[in-house]
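Worksheet: one structure, shown below.
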Amino acid sequence: MASYLHAFGAHLPERVVTNAELAERTGKTAEWIESASGIQERRWAAPETSIAAMGVAAAESCLKTAGFPTNKIGMLIVASGSGARGFPGPAAAIADRLCLLSVPAIDLPMASAGSLFGLALAMRLTETYGDILVVASEKMSPLCETEPIDPNTAILFGDGAGAALVSSRPGRWRMLDASLHTDGQYREDLACDGTSLRMNGLTVILQASRKMPASIEEVLARQNLSAQQVTAFLLHQANLNLLTRVAKALNVGPEKIFANVQRYGNTSSASMLIAATEWAEASPGKGPIVFSAFGAGFHWGALVADSAD
Amino acid sequence: MPESSRPQRLRKLVQEVAGKPAPEDEQESLFESGLLDSFALPDLVSAIEKEFAIKVPDSDLNPRKFDSIARMDAYLADHM
């Protein structure tokens, strides 16, 4: 049975944190931060704002765009790498606040690639569960403020949430195929223990710059599509320099790679769905779209969809 | 004209990617010295693959293998 993407939604906290503000904390210059990451500013949530609260806001935004009633949701999948360790995860809290009191709500405790894995799982599960709401919500700012501050990671991250409605009912984009991968031998190269984050930037960038294009080409080849035929690439917004390299590896112009990392920073698993939300709101053209992400684990992959009409 | 040695060819690649002269000391870390950053590393690996007509498999994408001209030379000696 085919699955369809109906709508996206996003929530971003109000507080804007500029490079100038972070320059004071990290000992770097605002210019260096932008040069190293492409990021000009990011959003940080208030201390009292929870991952669940941001996830609910993104979910409600998505359902409003879709014009779909919350009580018809058949399954909830919530990705978050920054959620508190232990149980239950944020899926239960988000389900409760959405008044989803009996449908299965699944946590994916995954960082950057979590929303991609959520979409791919939802694509395979709509036959059983009908309408599946995929939410990704991240509160990365506490990790950026933990002493001692690591300038190389503190400059990158922002807070936010994204959501997507996946359904067996015909919708705006038909989901065609997905490829998911994990290589656990690198699990210590990008990791968070709940209070601090450590990243081996050389390994992460080297692996991501190879694996994202490879997974995209893998899934496109299976659908007899070329990267040049793709209307837009909606990628995990890790770093503008990485997005540029992915475009180069795929031999496509940078205009095909949607980017909003400049304004929101790296919002981990939420970033791909926040990007999709803004891209969809801009009345994009028809044609194939590709999602791809890479993150801690390492987990990575790609998903291709096409306009349904 | 004599053919360039492998370290000479590697030094030239490093200079092209970094946009700065490569160190004379073949053992010097290209990353700790600040000559190359994390985003230059993928470019350097791609340049090595093109120059030496090899494919570096994902399992060999370890930054330590490309940390100095001497290490890159050793890697190529084992894979060419």
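- Taking the six-membered ring wherever Trp is involved, the centroid distance between the rings of Phe66(B) and Tyr75(B) falls below 6.0 Å.
- Contact of Thr203(A) with chain B is made through backbone and side chain together, with heavy-atom distances under 4.5 Å.
- In this structure, the side chains of Glu28(B) and Leu35(B) stay at 4.5 Å or more apart for every pair of heavy atoms.
- There is a side-chain donor-acceptor pair under 3.5 Å between Gln40(A) and Glu34(A).
- At a heavy-atom cut-off of under 4.5 Å, chain A is reached by Pro42(B), Asp43(B), Val45(B), Ser46(B), Glu49(B) from residues 42-52 of chain B, listed in order of number.
- The closest side-chain heavy-atom distance from Met140(A) to Thr267(A) is not below 4.5 Å.
- Asp189(A) does not touch chain B: none of its heavy atoms, backbone or side chain, sits under 4.5 Å away.
- The aromatic ring centres of His299(A) and Phe117(A) sit less than 6.0 Å apart.
- Proximity to chain B (any heavy atom under 4.5 Å) is shown, for Ala208(A), by neither the backbone nor the side chain.
- A donor and an acceptor atom, one from each side chain of Asn260(A) and Glu278(A), are located under 3.5 Å apart.
- With 3.5 Å as the limit, one finds a donor-acceptor pair spanning the side chains of Asn19(A) and Arg42(A).
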